[in-house]
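Scroll down for the structure; my scribbles are underneath it.
Owing to the predicted nature of the structure, the values given are computational and were not obtained by experimental measurement.
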Amino acid sequence: MLCRRYQPELADEPDIMSPGGSVIVSPMGEVLAGPLWNTEGLLTAELDFSVLAKSKLDFDVTGHYARPDVFQLHVVNQPDTQRVRKEK
């Protein structure tokens with residue numbers, strides 16, 4: 001049972017807010033199984049680990065896409081961090 005405090009906000013919402021959509025996607029973006037909508041079930045797929053190296057050529061998250069000079073994460077109400085240098 002949902003907390004009564006939130007009932008007014010949920011009064012006009014459908015009974016099922018998220019009908020699912022589970023899916024298994026390969027590292028190359030190919031849908032291997034699913035999507036599974038509006039039902040319970042188990043998705044299974046055969047995985048080909050040999051495509052991992054090839055997929056990293058398409059999107060290398062630790063390579064040239066990792067741009068701290070361009071992208072920064074700021075968390076609201078998070079204290080400022082201070083950089084500390086180690087002396088050699």
Side-chain angles (χ1 to χ4, degrees):
M1 178 84 180
L2 291 172
C3 180
R4 291 178 194 212
R5 170 180 167 184
Y6 299 109
Q7 290 301 318
E9 286 84 6
L10 299 173
D12 296 329
E13 295 294 328
D15 290 337
I16 299 175
M17 291 185 192
S18 177
S22 297
V23 66
I24 300 174
V25 180
S26 78
M28 297 302 291
E30 175 189 359
V31 175
L32 301 176
L36 189 61
W37 296 102
N38 295 311
T39 186
E40 292 182 16
L42 177 67
L43 295 175
T44 59
E46 296 266 336
L47 303 177
D48 181 4
F49 291 101
S50 68
V51 300
L52 290 177
K54 183 179 177 186
S55 70
K56 290 182 181 188
L57 295 174
D58 288 338
F59 183 67
D60 184 9
V61 295
T62 60
H64 71 282
Y65 285 106
R67 296 279 312 267
D69 59 320
V70 177
F71 302 105
Q72 294 181 2
L73 173 65
H74 295 280
V75 180
V76 177
N77 298 328
Q78 181 74 18
D80 290 334
T81 57
Q82 296 179 353
R83 293 181 186 249
V84 177
R85 281 196 174 166
K86 283 186 171 181
E87 296 293 327
K88 291 184 179 182

Side-chain polar contacts of residues 26-43 - donor-acceptor pairs under 3.5 angstrom, sequence neighbours left out - could you list them?
{"residue": "S26", "atom": "OG", "partner": "M28", "partner atom": "N", "Å": "3.2"}
{"residue": "S26", "atom": "OG", "partner": "G29", "partner atom": "N", "Å": "3.4"}
{"residue": "S26", "atom": "OG", "partner": "E30", "partner atom": "N", "Å": "3.1"}

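With sequence neighbours excluded, the residues forming a side chain to side chain donor-acceptor pair (under 3.5 Å) with S50 are D48, listed by chain and number.
V25 and L52 fall into different hydrophobic clusters, where Ile, Leu, Val, Met, Phe, Trp and Tyr side chains are chained together by heavy-atom contacts under 4.5 Å.
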